[in-house]
There are 2 protein chains.
Amino acid sequence: MATDEGTTRVARLHHILRGDVLRGVLTPGQPLRLAALAKTHDVSMSVVREALARLAEGNLAVLTPNHGYRVVEVSREDLVAITELRVILEADALRRSIEHGDVAWESAVVASHHVLERATPYLSDGPGSTQEWSDAHSAFHSALIAACDNPRMLAITRQLRDGAEIYRQLSDGNLRASSTTQAGERDIAAEHRELMELATARDPRVVEALQRHLQRTTDDLIGSGIFGEPRH
Amino acid sequence: MATDEGTTRVARLHHILRGDVLRGVLTPGQPLRLAALAKTHDVSMSVVREALARLAEGNLAVLTPNHGYRVVEVSREDLVAITELRVILEADALRRSIEHGDVAWESAVVASHHVLERATPYLSDGPGSTQEWSDAHSAFHSALIAACDNPRMLAITRQLRDGAEIYRQLSDGNLRASSTTQAGERDIAAEHRELMELATARDPRVVEALQRHLQRTTDDLIGSGIFGEPRH
DNA sequence: GTTTTCATGATTTTCGAAAACTTATTGCTT
DNA sequence: AAGCAATAAGTTTTCGAAAATCATGAAAAC
């Protein structure tokens, strides 16, 4: 299946660049030069420019006047800010989702969890979590809140999830350096299973479970040393 | 003072178009034709296109592939969605603001409230609330939450506020048609004064006061008949 | 030795037109 | 008359290059 025609070049390039930023091919702060991108993707500079404008739309790139675009910078403060918002919004979206979700929603949650459970999380020699797992993970969290009846809330949480994904990818890159992950030693698969079971059972405690899940992930990310060692 | 040089044409046009959408010069659903806009604003089509891309960034315009941009549509459901999010996020931003705000913040709140209080809300023959009042109103709400320590939260609430402003402007356009505003007969100035006083006193009840304020505004907007008469 | 000025190169920003696409219209066939 | 292909007009999308802006470094001035 060619994921090609039927859409504009800008949209295609935007999709490619978004993926490159999310999987860390383009690193935070890196300048996004028009001529270079135009050449490597065999497209006009105008197309690159508009694709970058759409990246900026999702807070994945920033524009400085007369200096062009660059990949968005990362910081401990920003990761904390993103997480605070996700704990508020994604939790509320989940609350609404288990309230309004129908059988099709339940089924999608179970299905996406199954894909996530079967995905290979790490490659023994790879650079971190696999693309397969990242995609499945994103799809699962997306499915959980899909039945929320506030479209704007979904759009915002999707954007925040993208922002957080950059940090996860960054941590993956550092994984081989820092020996083991952390003392607490999480069982992430178990957390996901719990989310799936509570959600499909319409148990309101799933909301707090998600909040803990998000908070732990951020704590681990910060603990993994992507911002340099934590202050004493 | 020329608000002209020192910035790019795209940025200038974006600022103009954003204002036109917010004050209802460009009406919801209206197609934004490149050639026409390029001619009236005396710039190239590329500039228009990128300015529109930035409008879409703030959810003020939408792009359909091969059909170009148009002003974002409005609906009762969307206004409700925006309000739900504002009640959650703007309230939390205010809670953080009264917690972290310093004297400079207090001063800015008092100052912006003073400007709002002195602004002429309506012109007897005008099309609705004055631009002066709208700007002052926006500045006041912005000042209230300015001391929030989560930049992303501020960015999102600003975007939501823009979205809501379209509906307010729409209601203004209908004002002369529907005789009086509503039965409840609000004293909006009093509500703003209460917000100002509670906020500068760091009274936590200001959070609920803001939530009530936002909810009432939306209820009035819906009651004003901008979506046609409310279902019986 | 330090600062300022001025060219040079690199990059962004803007332009005007060609190409692609969508919709409406015309003219032909049945 | 109705249906359909072909054409035309209008609009978006893409291109390639010109114009404007910013960074670099050398030469000149203090």
Side-chain angles (χ1 to χ4, degrees), chain A residues 1-21 25-73, chain B residues 1-21 25-73:
Chain A
M1 47 170 146
T3 170
D4 213 29
E5 280 306 324
T7 174
T8 68
R9 295 189 193 215
V10 171
R12 289 199 291 271
L13 181 58
H14 166 66
H15 187 258
I16 293 176
L17 292 179
R18 175 176 174 277
D20 284 353
V21 172
V25 177
L26 300 170
T27 63
Q30 174 178 348
L32 298 163
R33 297 255 155 66
L34 296 173
L37 288 173
K39 196 164 190 177
T40 58
H41 293 92
D42 192 38
V43 83
S44 150
M45 275 180 15
S46 318
V47 172
V48 176
R49 182 159 248 271
E50 189 161 330
L52 292 177
R54 291 197 201 173
L55 268 195
E57 190 173 324
N59 268 302
L60 263 36
V62 292
L63 169 70
T64 347
N66 290 323
H67 288 266
Y69 292 88
R70 62 178 191 283
V71 180
V72 67
E73 306 269 2
Chain B
M1 46 168 145
T3 170
D4 212 32
E5 281 306 325
T7 175
T8 67
R9 296 187 191 213
V10 171
R12 289 199 291 273
L13 181 60
H14 166 65
H15 187 257
I16 293 175
L17 293 179
R18 175 176 174 276
D20 284 352
V21 172
V25 177
L26 300 169
T27 63
Q30 173 177 349
L32 298 163
R33 298 255 154 67
L34 297 173
L37 289 173
K39 196 164 190 179
T40 58
H41 293 93
D42 194 39
V43 290
S44 143
M45 276 179 14
S46 318
V47 173
V48 176
R49 182 159 247 271
E50 188 159 331
L52 292 177
R54 292 196 200 172
L55 268 195
E57 189 172 326
N59 268 301
L60 264 35
V62 292
L63 170 69
T64 338
N66 290 323
H67 289 264
Y69 292 88
R70 63 178 190 281
V71 180
V72 67
E73 305 269 3

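All of these numbers come straight from a predicted model, not from anything done at the bench. So that the names make sense, note that chain A is the first sequence line, chain B the second, and so on, each numbered from 1.
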Qualifying residues under salt bridge (charged side-chain N to carboxylate O under 4.0 Å, His left out), relative to B/Arg33, sequence neighbours excluded |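 For B/Arg33, no residue satisfies salt bridge (charged side-chain N to carboxylate O under 4.0 Å, His left out) once neighbours in sequence are set aside.
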Those residues at least two apart in sequence (or on a different chain) that pass salt bridge (charged side-chain N to carboxylate O under 4.0 Å, His left out) with B/Arg9 are none
In whole angstrom, give the distance that lies between atom [atom1] of [X] and atom [atom2] of [N].
X	N	atom1	atom2	value
A/Met45	D/dA19	CE	P	15 Å
A/Glu50	D/dC15	CD	C1'	14 Å
B/Leu52	C/dT14	CG	P	14 Å
B/Asn66	D/dT11	CG	C1'	10 Å
B/Leu13	C/dT14	CG	P	10 Å
B/Arg9	D/dA18	CZ	P	18 Å
A/His67	C/dT12	NE2	P	10 Å
B/Lys39	C/dC15	NZ	P	16 Å

Of all of residues 25-37 of chain B, which get a heavy atom below 4.0 angstrom from DNA chain D, listed by number?
->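 By residue number: B/Leu32, B/Arg33, B/Leu34.
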Result block: side-chain N/O donor-acceptor pairs under 3.5 angstrom for residues 37-45 of chain A, not counting sequence neighbours:
residue	atom	partner	partner atom	Å
A/Thr40	OG1	A/Ala36	O	3.3
A/Thr40	OG1	A/Leu37	O	3.2
A/His41	ND1	A/Leu37	O	3.2
A/Ser44	OG	A/Ser46	N	3.1
A/Ser44	OG	A/Ser46	OG	3.4

Salt bridge (Lys or Arg N to Asp or Glu O under 4.0 Å): pairs with one or both residues in residues 53-72 of chain A, sequence neighbours excluded | A/Glu50-A/Arg54, A/Arg70-A/Glu73
B/Val72: side-chain contact (heavy atoms from CB on, under 4.5 Å) partners, not counting sequence neighbours =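 Partners of B/Val72 by the side-chain contact (heavy atoms from CB on, under 4.5 Å) criterion, ordered by chain and then number, come out as B/Val62, B/Ile166.
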Any side-chain heavy-atom pair of B/Leu63 and B/Leu52 under 4.5 Å | no
Nearest nucleotide by nearest heavy atom, which residue falls closer to the 5' end of DNA chain D, A/Ser46 or B/Gly68?
->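 Going by which nucleotide is closer to the 5' end, it is B/Gly68.
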